[in-house]
Amino acid sequence: MNKLNITWCWPDVLNLHGDRGNVMALERIGKKMGLSVEVHKTTNFGDSLDFKQTDVLLLNPGEFKSNEYIVNAFRNVKDQLDAYIEEGGVILTVGTTGAAFGKTIRRLDGSTISGLGYLDMECAERDNIVGDDLITRMRGTDFELNGSQIQVMDTTLSSDVALSDVEYGYGNNGYEEKHEGARYKNLIFTNMLGPVLVKNPWLAQHLIQKAMERKGVSIPELPVETFELERKSLECIRKYNRTKADK
(Lines give C-alpha, C1' and ligand atoms only; values in the text may rest on other atoms or scores of the structure.)
Protein backbone atom coordinates (compact mmCIF):
# COMPACT_ATOMS: atom_id res chain seq x y z
CA MET A 1 0.00 0.00 0.00
CA ASN A 2 2.92 2.38 0.68
CA LYS A 3 3.80 2.50 -2.98
CA LEU A 4 3.31 5.45 -5.31
CA ASN A 5 2.68 4.55 -8.95
CA ILE A 6 3.26 7.37 -11.44
CA THR A 7 2.06 7.01 -15.02
CA TRP A 8 4.11 9.36 -17.23
CA CYS A 9 2.16 9.87 -20.43
CA TRP A 10 3.94 10.08 -23.79
CA PRO A 11 7.25 11.59 -22.59
CA ASP A 12 8.79 11.52 -26.07
CA VAL A 13 6.04 13.79 -27.42
CA LEU A 14 5.05 15.83 -24.36
CA ASN A 15 8.61 16.90 -23.70
CA LEU A 16 8.83 20.70 -23.78
CA HIS A 17 10.49 23.04 -21.25
CA GLY A 18 12.45 20.40 -19.34
CA ASP A 19 9.33 19.34 -17.50
CA ARG A 20 10.56 15.79 -17.01
CA GLY A 21 11.70 17.44 -13.78
CA ASN A 22 8.11 16.99 -12.57
CA VAL A 23 8.62 13.22 -12.56
CA MET A 24 11.92 13.61 -10.72
CA ALA A 25 10.24 15.85 -8.12
CA LEU A 26 7.45 13.34 -7.49
CA GLU A 27 10.01 10.57 -7.09
CA ARG A 28 12.16 12.61 -4.69
CA ILE A 29 9.30 13.87 -2.52
CA GLY A 30 7.57 10.49 -2.50
CA LYS A 31 10.71 8.80 -1.20
CA LYS A 32 11.20 11.51 1.41
CA MET A 33 7.66 10.75 2.58
CA GLY A 34 8.64 7.11 3.09
CA LEU A 35 7.07 5.66 -0.05
CA SER A 36 8.46 3.36 -2.66
CA VAL A 37 7.98 5.02 -6.04
CA GLU A 38 7.59 3.42 -9.44
CA VAL A 39 7.33 5.29 -12.75
CA HIS A 40 5.46 3.69 -15.65
CA LYS A 41 6.03 5.29 -19.06
CA THR A 42 3.30 5.21 -21.68
CA THR A 43 5.34 5.69 -24.85
CA ASN A 44 2.92 5.48 -27.79
CA PHE A 45 -0.56 6.93 -28.17
CA GLY A 46 -1.86 3.45 -28.97
CA ASP A 47 -0.45 1.90 -25.78
CA SER A 48 -2.86 0.79 -23.07
CA LEU A 49 -3.15 2.79 -19.85
CA ASP A 50 -3.38 0.80 -16.62
CA PHE A 51 -5.49 2.93 -14.28
CA LYS A 52 -5.40 0.24 -11.59
CA GLN A 53 -1.63 0.74 -11.37
CA THR A 54 -1.84 4.54 -11.46
CA ASP A 55 -1.84 6.87 -8.47
CA VAL A 56 -0.63 9.98 -10.31
CA LEU A 57 -1.19 10.53 -14.03
CA LEU A 58 1.24 13.12 -15.44
CA LEU A 59 1.06 14.98 -18.75
CA ASN A 60 3.84 17.48 -19.38
CA PRO A 61 3.65 20.22 -22.06
CA GLY A 62 3.83 19.38 -25.74
CA GLU A 63 3.07 21.16 -28.99
CA PHE A 64 -0.49 22.48 -29.27
CA LYS A 65 -1.26 20.06 -32.10
CA SER A 66 -0.65 17.13 -29.72
CA ASN A 67 -4.00 17.74 -28.06
CA GLU A 68 -5.85 15.92 -30.82
CA TYR A 69 -3.78 12.78 -30.19
CA ILE A 70 -4.24 13.07 -26.42
CA VAL A 71 -8.01 13.38 -26.75
CA ASN A 72 -8.23 10.40 -29.10
CA ALA A 73 -6.04 8.25 -26.86
CA PHE A 74 -8.16 8.94 -23.77
CA ARG A 75 -11.45 8.50 -25.64
CA ASN A 76 -10.45 4.88 -26.19
CA VAL A 77 -10.47 4.40 -22.39
CA LYS A 78 -13.07 7.03 -21.50
CA ASP A 79 -15.03 4.83 -19.07
CA GLN A 80 -11.88 3.98 -17.15
CA LEU A 81 -10.76 7.62 -17.13
CA ASP A 82 -14.20 8.73 -15.93
CA ALA A 83 -14.03 6.30 -13.02
CA TYR A 84 -10.45 7.27 -12.16
CA ILE A 85 -11.30 10.98 -12.01
CA GLU A 86 -14.59 10.57 -10.14
CA GLU A 87 -12.88 8.33 -7.55
CA GLY A 88 -10.34 11.08 -6.84
CA GLY A 89 -7.47 9.89 -9.00
CA VAL A 90 -4.74 12.51 -9.35
CA ILE A 91 -3.95 14.02 -12.75
CA LEU A 92 -1.47 16.85 -13.34
CA THR A 93 -1.57 18.34 -16.81
CA VAL A 94 0.81 21.22 -17.57
CA GLY A 95 0.73 23.87 -20.27
CA THR A 96 -0.84 23.07 -23.63
CA THR A 97 -1.92 19.56 -22.63
CA GLY A 98 -4.52 21.02 -20.27
CA ALA A 99 -6.61 21.93 -23.31
CA ALA A 100 -7.34 18.24 -23.94
CA PHE A 101 -9.35 18.09 -20.70
CA GLY A 102 -11.49 21.12 -21.53
CA LYS A 103 -14.55 21.42 -23.74
CA THR A 104 -13.25 23.05 -26.92
CA ILE A 105 -9.80 23.41 -28.48
CA ARG A 106 -9.51 26.10 -31.17
CA ARG A 107 -6.59 26.20 -33.63
CA LEU A 108 -5.23 29.30 -35.35
CA ASP A 109 -6.62 28.09 -38.68
CA GLY A 110 -10.14 28.26 -37.19
CA SER A 111 -10.61 24.50 -36.83
CA THR A 112 -11.90 23.16 -33.53
CA ILE A 113 -11.53 19.92 -31.61
CA SER A 114 -13.90 18.71 -28.92
CA GLY A 115 -11.98 18.09 -25.71
CA LEU A 116 -12.66 15.47 -23.07
CA GLY A 117 -14.92 17.90 -21.22
CA TYR A 118 -13.86 17.40 -17.60
CA LEU A 119 -12.85 21.04 -17.18
CA ASP A 120 -15.43 23.72 -18.01
CA MET A 121 -13.14 25.76 -20.25
CA GLU A 122 -12.30 26.58 -23.85
CA CYS A 123 -8.72 26.94 -25.09
CA ALA A 124 -7.62 28.95 -28.12
CA GLU A 125 -4.19 28.81 -29.74
CA ARG A 126 -2.38 32.17 -29.81
CA ASP A 127 -0.45 33.68 -32.71
CA ASN A 128 2.20 34.95 -30.28
CA ILE A 129 3.72 33.80 -27.01
CA VAL A 130 3.37 35.26 -23.55
CA GLY A 131 6.48 34.82 -21.40
CA ASP A 132 6.69 36.02 -17.81
CA ASP A 133 7.03 34.99 -14.21
CA LEU A 134 3.91 33.73 -12.48
CA ILE A 135 2.99 33.73 -8.79
CA THR A 136 -0.39 32.52 -7.60
CA ARG A 137 -2.19 31.34 -4.47
CA MET A 138 -3.74 27.91 -4.88
CA ARG A 139 -7.35 27.77 -3.78
CA GLY A 140 -8.25 25.42 -0.96
CA THR A 141 -4.66 25.41 0.37
CA ASP A 142 -2.45 27.71 2.41
CA PHE A 143 0.40 27.86 -0.09
CA GLU A 144 1.57 29.85 -3.08
CA LEU A 145 2.79 28.55 -6.41
CA ASN A 146 5.45 30.12 -8.58
CA GLY A 147 7.04 29.45 -11.92
CA SER A 148 7.37 30.83 -15.40
CA GLN A 149 5.15 30.97 -18.44
CA ILE A 150 5.70 30.28 -22.10
CA GLN A 151 2.03 30.47 -22.91
CA VAL A 152 0.73 29.73 -26.40
CA MET A 153 -2.99 29.56 -25.65
CA ASP A 154 -5.68 31.60 -23.98
CA THR A 155 -8.14 29.82 -21.73
CA THR A 156 -11.68 30.98 -21.06
CA LEU A 157 -13.38 29.60 -17.97
CA SER A 158 -15.56 30.68 -15.08
CA SER A 159 -13.72 31.85 -11.99
CA ASP A 160 -15.19 29.14 -9.76
CA VAL A 161 -13.28 26.34 -11.51
CA ALA A 162 -9.90 28.13 -11.48
CA LEU A 163 -6.98 26.46 -9.72
CA SER A 164 -5.47 29.58 -8.16
CA ASP A 165 -5.61 33.36 -7.89
CA VAL A 166 -2.88 35.40 -9.57
CA GLU A 167 -0.57 37.61 -7.52
CA TYR A 168 1.79 38.37 -10.41
CA GLY A 169 1.71 37.41 -14.08
CA TYR A 170 -0.57 36.53 -16.95
CA GLY A 171 -3.72 34.68 -15.95
CA ASN A 172 -5.66 32.21 -18.05
CA ASN A 173 -6.70 34.90 -20.47
CA GLY A 174 -4.72 38.07 -19.80
CA TYR A 175 -2.96 40.17 -17.18
CA GLU A 176 -6.26 41.60 -15.98
CA GLU A 177 -7.80 38.17 -15.41
CA LYS A 178 -6.66 37.20 -11.95
CA HIS A 179 -7.12 33.46 -12.01
CA GLU A 180 -4.92 30.70 -13.38
CA GLY A 181 -5.32 27.05 -14.27
CA ALA A 182 -8.34 24.91 -13.53
CA ARG A 183 -9.33 22.07 -11.24
CA TYR A 184 -11.98 19.38 -11.03
CA LYS A 185 -11.64 17.05 -8.03
CA ASN A 186 -7.95 15.97 -8.25
CA LEU A 187 -7.57 16.80 -11.95
CA ILE A 188 -5.28 19.84 -12.03
CA PHE A 189 -4.32 21.99 -15.01
CA THR A 190 -1.77 24.82 -14.83
CA ASN A 191 0.28 26.82 -17.31
CA MET A 192 3.04 27.12 -14.72
CA LEU A 193 6.45 25.86 -15.82
CA GLY A 194 9.71 25.74 -13.94
CA PRO A 195 9.19 22.73 -13.73
CA VAL A 196 6.23 23.46 -11.47
CA LEU A 197 6.84 20.57 -9.05
CA VAL A 198 10.55 21.38 -8.73
CA LYS A 199 9.87 25.00 -7.83
CA ASN A 200 6.87 24.06 -5.68
CA PRO A 201 7.64 20.80 -3.86
CA TRP A 202 4.71 21.52 -1.53
CA LEU A 203 2.43 20.96 -4.54
CA ALA A 204 4.15 17.63 -5.23
CA GLN A 205 3.56 16.72 -1.58
CA HIS A 206 -0.10 17.76 -1.88
CA LEU A 207 -0.63 15.58 -4.97
CA ILE A 208 1.07 12.60 -3.33
CA GLN A 209 -1.07 12.96 -0.20
CA LYS A 210 -4.24 13.06 -2.32
CA ALA A 211 -3.10 10.01 -4.28
CA MET A 212 -2.38 8.01 -1.14
CA GLU A 213 -5.62 9.10 0.56
CA ARG A 214 -7.45 7.48 -2.35
CA LYS A 215 -5.71 4.23 -1.37
CA GLY A 216 -6.65 4.69 2.28
CA VAL A 217 -3.13 5.69 3.36
CA SER A 218 -2.62 8.86 5.39
CA ILE A 219 0.84 10.43 5.19
CA PRO A 220 1.87 13.43 7.32
CA GLU A 221 3.50 16.44 5.75
CA LEU A 222 7.26 16.72 5.71
CA PRO A 223 8.88 19.16 8.17
CA VAL A 224 8.56 22.79 7.09
CA GLU A 225 12.33 23.21 6.78
CA THR A 226 12.43 20.52 4.06
CA PHE A 227 11.44 23.15 1.48
CA GLU A 228 13.32 26.13 2.93
CA LEU A 229 15.47 26.63 -0.19
CA GLU A 230 12.44 26.74 -2.48
CA ARG A 231 10.64 29.21 -0.20
CA LYS A 232 13.67 31.51 -0.20
CA SER A 233 13.75 31.28 -3.98
CA LEU A 234 10.10 32.36 -4.14
CA GLU A 235 10.86 35.40 -1.99
CA CYS A 236 13.73 36.40 -4.28
CA ILE A 237 11.48 36.11 -7.33
CA ARG A 238 8.77 38.17 -5.62
CA LYS A 239 11.28 40.94 -4.82
CA TYR A 240 12.56 40.92 -8.40
CA ASN A 241 9.03 41.20 -9.80
CA ARG A 242 8.44 44.27 -7.63
CA THR A 243 11.36 45.96 -9.39
CA LYS A 244 9.76 45.20 -12.77
CA ALA A 245 6.44 46.63 -11.62
CA ASP A 246 8.14 49.84 -10.50
CA LYS A 247 9.65 50.52 -13.94
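In this text, all values refer to a predicted model and were calculated from it rather than measured experimentally.
- Under the 4.5 Å side-chain heavy-atom criterion for ILVMFWY residues, a single connected hydrophobic cluster contains both Ile219 and Leu197.
- Atoms CD and NZ, from Glu86 and Lys185 in turn, are 5.0 Å apart once rounded to the nearest 0.5 Å.
- Taking the charged nitrogens against the carboxylate oxygens, Arg231 and Glu228 have no contact shorter than 4.0 Å, which rules out a salt bridge.
- Leu234 contributes atom CG, which lies 11.5 Å from atom CG of Leu229 (distance to the nearest 0.5 angstrom).
- Heavy atoms only, all atoms of each residue included: Asn60 and Thr97 are closest at O-CG2, 3.0 Å.
- Taking every heavy atom of both residues into account, Ala100 and Asn67 meet most closely at N-OD1, 3.2 Å.
- Side-chain atoms of Glu63 and Thr96 include no donor-acceptor pair closer than 3.5 Å.
- Within a 6.0 Å radius of CZ in Phe51, other residues, nucleotides and ligands contribute more than 12 heavy atoms.
- With rounding to the nearest 0.5 Å, the separation of CD1 in Ile70 from SG in Cys9 is 8.5 Å.
- Residues Arg214 and Thr54 share a closest heavy-atom pair of NH1-O, 3.5 Å.
- Between the side chains of Arg139 and Ser159, a donor-acceptor pair is found at a separation under 3.5 Å.
- Taking hydrophobic clusters as Ile, Leu, Val, Met, Phe, Trp and Tyr residues chained together by side-chain heavy-atom distances below 4.5 Å, Val198 does not share a cluster with Leu58.
- How far OG1 of Thr93 is from CG of Asn191: 9.5 Å, rounded to the nearest 0.5 Å.
- More than 12 non-hydrogen atoms from other residues, nucleotides or ligands lie less than 6.0 angstrom from CZ of Arg238.
- Scanning all heavy atoms of the two residues, the minimum distance from Thr136 to Ser164 falls at OG1-OG, 3.0 Å.
- Closest non-hydrogen pair, Gln209 versus Pro220, comes out as NE2-C, 3.8 Å.
- Enclosure of atom NZ in Lys178 by more than 12 non-hydrogen atoms of other residues, nucleotides or ligands within 6.0 angstrom is indicated.
- Linking Ile, Leu, Val, Met, Phe, Trp and Tyr whenever their side-chain heavy atoms come within less than 4.5 Å puts Val77 and Phe101 in one cluster.
- Remark: Cys236 SG to Asn241 CG distance equals 11.5 Å, nearest 0.5 Å.
- Few gaps surround CD on Glu235; more than 12 heavy atoms of other groups in view lie less than 6.0 Å from it.
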Review item, side-chain donor-acceptor pairs of residues 117-126, under 3.5 Å, at least two apart:
{"unit_1": "Tyr118", "atom_1": "OH", "unit_2": "Lys78", "atom_2": "NZ", "d": "3.4"}
{"unit_1": "Tyr118", "atom_1": "OH", "unit_2": "Asp82", "atom_2": "OD1", "d": "2.5"}
{"unit_1": "Asp120", "atom_1": "OD1", "unit_2": "Lys103", "atom_2": "NZ", "d": "3.1"}
{"unit_1": "Glu125", "atom_1": "OE1", "unit_2": "Arg107", "atom_2": "NE", "d": "2.8"}
{"unit_1": "Glu125", "atom_1": "OE1", "unit_2": "Leu108", "atom_2": "N", "d": "3.1"}
{"unit_1": "Arg126", "atom_1": "NE", "unit_2": "Asn128", "atom_2": "O", "d": "3.1"}
{"unit_1": "Arg126", "atom_1": "NE", "unit_2": "Asn128", "atom_2": "OD1", "d": "3.3"}
{"unit_1": "Arg126", "atom_1": "NH1", "unit_2": "Asp154", "atom_2": "OD1", "d": "3.1"}
{"unit_1": "Arg126", "atom_1": "NH1", "unit_2": "Asp154", "atom_2": "OD2", "d": "3.0"}
{"unit_1": "Arg126", "atom_1": "NH1", "unit_2": "Tyr170", "atom_2": "OH", "d": "2.9"}
{"unit_1": "Arg126", "atom_1": "NH2", "unit_2": "Asn128", "atom_2": "OD1", "d": "2.5"}

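- To the nearest 0.5 angstrom, Lys41 atom NZ is 12.0 Å from Ile6 atom CD1.
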